[in-house]
Amino acid sequence: MKFFIDTAVLNEIKKAADYGVLDGVTTNPSLMAKVGIKGREAILKHYKDICELVPGNVSAEVISTDFEGMMKEAHELAAIDPKIVVKVPFIGDGVKAIKALSDEGIRTNCTLIFQPMQAVIAAKAGASYVSPFIGRLDDIATDGMQLIRDLTLIFKNYNFQTEILVASVRHPMHMVEAAKAGAHVATIPFAVIEQLFKHPLTDSGLTKFLADYEASQK
Ligand code: G3P
């Protein structure tokens, strides 16, 4: 399973990339706003800065909701860096844009997926990734992980090349279950990455090993 980080904060991306196991970055307009970036030029520059930090690809989302606007933005975003994957919401014009961009060879990530057929439609349109938001489904008492299980089965049935990118990850068990379900990618908030690097038995085991070593040297 590939690991993407779900943030627009540069020092979080750098820290995660330094571990050497980061495969990419996802952002969305809320994450960009959280960093406090104002103005179109500054936003485009920030995407470029993110691209400089990671070896893999970087999802950058369009703001337009009409076909022409999305296409214009997609071209602008794709021109920033070859690592850019254009993130497009699952709406009618979004699906049309995914198809047109895919025909042009521009990679896309179809976002705001909550139902299996949305993902199937996006895959048929040629999306490189679909982003099912599991945490937001859990939030409304619906089993988000069941969507991932359904999608891995359906995509296998039809040999879709589109990758299932598990989004809205809230805790390490989401990662375990996503891996068990066979998801291609999970995008992880920095706080969850930190949780994945902590286990009390690893920490106490290491403390004991080091104490025993010290004692043996006296
Ligand atoms: O990047 C999209 C997704 O991961 C958002 O997560 O926590 O806002 O539901 P969240």
Side-chain angles (χ1 to χ4, degrees), residues 1-13 15-17 22-37 43 46-47 49-51 53-54 56-65 70 73-74 77 80 83-91 94-95 97-98 107-116 118-119 122-123 127-149 151-152 162-179 181 183-196:
M1 184 165 68
K2 285 182 236 170
F3 281 25
F4 288 3
I5 186 169
D6 197 27
T7 185
V9 178
L10 295 180
N11 68 2
E12 291 184 351
I13 295 167
K15 275 190 204 161
L22 186 70
D23 300 297
V25 178
T26 53
T27 63
N28 63 40
S30 305
L31 293 172
M32 292 293 281
K34 228 162 141 184
V35 183
I37 305 167
I43 287 173
H46 196 72
Y47 284 134
D49 291 344
I50 293 175
C51 289
L53 291 177
V54 282
N57 65 53
V58 175
S59 284
E61 188 159 341
V62 297
I63 309 301
S64 305
T65 53
M70 284 189 214
E73 267 190 75
L77 292 169
I80 296 173
K83 290 176 186 166
I84 293 286
V85 172
V86 180
K87 211 168 172 186
V88 178
F90 184 89
I91 51 177
V95 173
I98 287 167
R107 292 173 302 165
T108 55
N109 172 357
C110 186
T111 189
L112 291 166
I113 297 285
F114 295 98
Q115 205 266 61
Q118 293 179 316
S128 314
Y129 301 93
V130 287
S131 288
F133 279 27
I134 59 167
R136 292 193 193 183
L137 283 168
D138 289 353
D139 289 345
I140 57 161
T142 302
D143 183 2
M145 200 53 68
Q146 190 54 45
L147 176 57
I148 305 305
R149 291 186 205 102
L151 286 180
T152 53
T162 303
E163 294 189 45
I164 299 163
L165 194 170
V166 180
S168 190
V169 164
R170 299 279 161 77
H171 49 71
M173 282 313 290
H174 272 156
M175 297 296 293
V176 175
E177 293 301 323
H184 303 96
V185 192
T187 189
I188 324 163
F190 185 69
V192 178
I193 293 179
E194 287 194 308
Q195 287 176 305
L196 291 171

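Remember, predicted model here, so these are calculated numbers, not experimental data. Whatever order the structure lists ligands and atoms in, that order sets their numbers, starting from 1.
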Shortest protein heavy-atom distance from [atom], along with the residue and atom involved:
atom	answer
atom 2 (C) of ligand 1	F133 CZ, 3.3 Å
atom 1 (O) of ligand 1	D6 OD1, 2.9 Å
atom 5 (C) of ligand 1	R136 NH2, 3.8 Å
atom 6 (O) of ligand 1	S168 CA, 3.4 Å

Measure from the side-chain N and O atoms of [X] to the backbone N and O of [Y], and report whether any donor-acceptor pair falls under 3.5 Å.
X	Y	result
N57	G24	no
Q195	H171	no
S168	R136	yes

Atom indices of ligand 1, in the order listed, that fall short of 4.0 Å to a heavy atom of R170: 7 (O), 9 (O), 10 (P)

Check ligand 1 against N28 and write out every atom of the ligand that is under 4.0 Å from a heavy-atom position of the residue. 1 (O), 2 (C), 5 (C)

Return a yes/no value for T187: is any of its N or O atoms, backbone included, closer than 3.5 angstrom to an N or O of ligand 1? no

If the test is side-chain contact (heavy atoms from CB on, under 4.5 Å), which one of V130, I98, V95 qualifies with F90? V95

In Å, rounded to the nearest 0.5 Å, how long is the span from CG of L151 to CD of Q115? 9.0 Å

Under 4.0 Å, heavy-atom basis, I'd like to know which part of K87 is in contact with ligand 1: side chain, backbone, both or neither. side chain

What verdict does the side-chain contact (heavy atoms from CB on, under 4.5 Å) test give for H174 and D138, after you've listed the backbone C-alpha separation in whole Å, the side-chain angles of each residue and the deciding distance to 0.1 Å? CA-CA 11 Å; H174 272 156; D138 289 353; 2.8 Å; yes

